[in-house]
Amino acid sequence: MFDFLMWQQIIEQFHFIRPLWLLVLLPFSLMIYLRWKQDSKNEWQEALPEHLRLSLTINNVGWKKQLPLKLLSFSLFIAIIVCGGPTWEREASPFGEDKAALLIVLDNSPSMLQKDLAPSRLERSKQKIRDLLTERKGGQTGLVVFSGSAHLAMPLTKDNSVFAPFLAAIQPDIMPVEGKNAESALALIEPQLGSNNAGTVLLISDGVNPQTIQAYERYFENSPHQLLILAAGNTDRVSGNPMDLSSLQTLARKSNGSVVEVTVDQRDIQSINSKIQRHMQLNNESAMPWKDMGYYLLLLVAPLMLSWFRKGWLVKWCLVVCVVFPTIYSAPTYAETVSLTAKTEAPVQTVTLWQKISDGWMDLWLTPDQQGQWYFEQSEYLKSAKQYQDPLKKGTAYYYAGEYKLAHSAFLQVKSDLGVFNAANALARQREYVAARDIYQFLLDGNIDSELREKAENNLNVMQSIVDEVNRTSESQKGTTDGPEESFELGEDKPKTGDGADEMIDASFVVDERLNANEILGSQELADKWLRRVEADPKYFLRAKFQLQRYEQTRNQDADTAEEK
């Protein structure tokens with residue numbers, strides 16, 4: 001694969017550590033010229049006819065003419081270059097202070113639970129992050145996770161033992177807002193990486209929306225940081241919510257970044273780490289000396305010089321290659337995980353060759369949205385949703401296909417009242433009646449068009465009647481052995497979908513709505529409680545932390561809105 005950063009680094013920073021050695025090329029060139037002229041002048045050959053001279057001499061025509069002198073000249077030329085000390089990068093610091101800073105932005109939306117990348121996209125992404133931490137060997141690394149909002153899970157740190165438990169606790173259910181809003185992470189980049197030194201932002205996701213592409217393009221246009229993208233997904237596996245690789249490639253192209261697809265081995269991690277280090281070397285100053293790259297050229301010169309003492313050493317090099325090459329080369333082998341337990345999950349379907357050919361043929365003539373519209377008109381709604389790029393159309397197709405969770409996630413990416421209304425409809429289809437009712441009420445409290453207001457009012461009345469019925473049923477069944485889940489009205493619903501049901505919540509979360517982070521950390525009692533929760537399970541700590549951050553973000557947004565008015 002062509003590594004643009006490597007060649008950019010070589011072109012921009014190539015120089016010689018000891019350039020005075022290059023002056024030796026002047027007398028060396030003169031010596032070679034005189035030697036060539038002397039060997040070419042053989043008076044006894046001039047006395048022979050052309051046909052006899054060709055029969056009596058060997059290796060004296062074509063590229064074989066004066067071959068020993070040519071190879072000797074090449075060897076000495078390389079030796080002079082080695083003495084000059086060619087270089088284009090600095091030595092690595094033995095203390096690790098020159099390690100490039102890295103901020104990982106991890107997609108924590110429900111689509112990352114898809115299993116086309118075993119065991120899931122999210123778990124494989126976390127495995128790749130652990131491998132990258134090991135590969136970096138002490139570099140500063142931070143972690144931001146996002147779904148409907150972005151939150152700082154771990155500030156920049158070199159301690160992998162602190163990083164690991166918080167990474168393991170990342171799950172979609174700890175996020176305060178659902179969705180896929182990658183652009184919300186942009187506000188957290190500069191406070192972590194700064195604006196002076198050049199760092200790297202590694203986005204790990206299975207797809208982005210057009211608003212994200214525009215926001216990232218504006219940000220990285222004037223940012224010293226580079227954007228790398230790890231595409232989490234497998235295009236060779238059938239998935240209900242396939243990875244949108246084309247959107248990630250578009251994002252990388254418009255943000256001057258690059259995309260790396262997940263591999264079964266360490267090639268993806270090694271590629272990412274090399275790009276991180278090269279970006280740092282290209283843009284940041286370092287106190288370390290330049291690394292002499294000329295030593296690697298000695299491997300090219302040494303075999304020729306060692307064999308120079310024997311006559312005929314230039315003959316039959318192919319025999320040497322045939323003998324030596326098989327002893328130093330072996331075909332790459334890969335380990336395969338073998339499970340001794342029975343598999344309970346449904347097997348993942350593989351994309352057939354015919355499907356690939358069919359998709360490729362449609363790609364030649366139709367855009368993804370046109371393909372989605374074609375499938376939609378054929379009532380193949382799931383295929384239609386996989387093709388649509390527009391989140392509103394994608395959500396509509398998922399809604400018609402009965403995939404209401406996926407539809408809800410897609411509608412949350414639509415920054416309009418219609419998107420919020422459709423997201424509420426998707427929640428209602430999932431029997432999240434209270435949440436849907438509150439969203440309808442939120443829309444009616446705002447300034448929306450008359451047609452949408454009429455629909456929202458009608459749906460609000462329906463949701464309120466369902467919630468009231470659930471509350472009455474829950475109240476009537478108190479003290480009986482029959483649970484509300486057995487009633488006809490509720491079906492499989494739990495009482496928590498109505499106002500009258502009690503939801504199991506940790507009491508410590510209540511303080512999130514009343515106290516800010518400084519007040520909590522200022523109380524020794526609350527601090528001790530949080531520390532105990534962190535020791536037990538970092539998942540609860542992160543959930544409470546994200547709720548606090550979301551509260552602070554909402555309050556700041558309200559304050560900014562009030563100032564504008």
Query - Check against side-chain contact (heavy atoms from CB on, under 4.5 Å), R121 and S239 - result: CA-CA 11 Å; R121 294 175 184 173; S239 172; 3.5 Å; yes
Query - Evaluation steps, side-chain contact (heavy atoms from CB on, under 4.5 Å), between S258 and L228 - result: CA-CA 5 Å; S258 58; L228 299 179; 3.2 Å; yes
Minimum heavy-atom separation for [X] to [Y], with atom names?
| X | Y | value |
| --- | --- | --- |
| T200 | L193 | O-CD1, 3.9 Å |
| S125 | L106 | CB-CD1, 4.0 Å |
| Q171 | K126 | NE2-NZ, 3.5 Å |
| F220 | S255 | CB-O, 3.9 Å |
| A423 | H408 | O-CD2, 3.4 Å |
| V260 | S271 | CG2-OG, 4.1 Å |

Counting C-beta onward and ignoring hydrogens, is there a side-chain heavy-atom pair between [X] and [Y] closer than 4.5 Å?
| X | Y | answer |
| --- | --- | --- |
| P210 | T212 | no |
| T396 | Y400 | yes |
| L444 | R453 | yes |
| L132 | T141 | no |
| K254 | Y216 | no |
| V208 | D244 | no |
| L460 | R437 | yes |
| I189 | Y219 | yes |

Query raised in the report: Can you name the residues that form a side-chain hydrogen bond (donor to acceptor under 3.5 Å, both in side chains) with D131, not counting sequence neighbours?
Result: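 Listed in chain order: Q266.
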Requested in this report: Report the residues that fulfil side-chain hydrogen bond (donor to acceptor under 3.5 Å, both in side chains) with D445, sequence neighbours left out, ordered by chain and then residue number.
Outcome: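 Here the qualifying residues are Q441.
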In terms of heavy-atom contacts, does [atom1] of [X] have more than 12 from other residues, nucleotides or ligands at under 6.0 Å?
| X | atom1 | value |
| --- | --- | --- |
| E457 | CD | yes |
| Q378 | CD | yes |
| R550 | CZ | yes |

Give, for atom [atom1] of [X] and atom [atom2] of [Y], the distance between the pair rounded to the nearest 0.5 Å.
| X | Y | atom1 | atom2 | value |
| --- | --- | --- | --- | --- |
| L230 | I129 | CG | CD1 | 8.5 Å |
| L452 | L443 | CG | CG | 6.5 Å |
| N241 | M112 | CG | CE | 11.0 Å |

Query raised in the report: Taking the six-membered ring for Trp, are Y399 and Y404 parallel (under 30°), tilted (30 to 60°) or perpendicular (over 60°)?
Result: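 Because their plane-to-plane angle is over 60°, the rings of Y399 and Y404 count as perpendicular.
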Can you list, pair by pair, the side-chain donor-acceptor contacts under 3.5 Å of residues 145-157, counting residues two or more places apart and other chains?
| unit_1 | atom_1 | unit_2 | atom_2 | d |
| --- | --- | --- | --- | --- |
| S147 | OG | V177 | O | 2.6 |
| S149 | OG | H151 | NE2 | 2.7 |
| H151 | ND1 | Q549 | OE1 | 3.1 |
| T157 | OG1 | D159 | N | 3.1 |

Query raised in the report: For the residue pair Y398 and F411, is the inter-centroid distance of their aromatic rings smaller than 6.0 Å?
Result: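 They do not qualify: ring centres at least 6.0 Å apart.
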Query raised in the report: Are D369 and Q373 linked by a side-chain donor-acceptor pair shorter than 3.5 Å?
Result: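 Side-chain D/A pair, D369 to Q373: absent.
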Does the [X] side chain pair with the main chain of [Y], one donor and one acceptor, at a distance under 3.5 Å?
| X | Y | value |
| --- | --- | --- |
| D116 | G233 | no |
| Q226 | K275 | yes |
| S465 | V462 | yes |

Requested in this report: Pick out which of N425, N461, N458 makes a side chain to side chain donor-acceptor pair (under 3.5 Å) with Y440.
Outcome: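 Answer after filtering N425, N461, N458: N425.
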Requested in this report: Kindly state each residue pair satisfying salt bridge (Lys or Arg N to Asp or Glu O under 4.0 Å) with at least one member in residues 168-190, sequence neighbours excluded.
Outcome: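 Matches after skipping sequence neighbours: D107-K180, D173-K539, K180-D206.
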Query raised in the report: Going by the salt bridge (Lys or Arg N to Asp or Glu O under 4.0 Å) test, which pairs reach into residues 379-392, not counting sequence neighbours?
Result: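 Every pair satisfying salt bridge (Lys or Arg N to Asp or Glu O under 4.0 Å) with a residue in residues 379-392: E380-K383.
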Query - Partners meeting salt bridge (Lys or Arg N to Asp or Glu O under 4.0 Å) with E403 (sequence neighbours left out) - result: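 E403: no salt bridge (Lys or Arg N to Asp or Glu O under 4.0 Å) contacts found.
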Query raised in the report: Are K128 and D268 within salt-bridge range, i.e. N to O under 4.0 Å?
Result: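 Yes.
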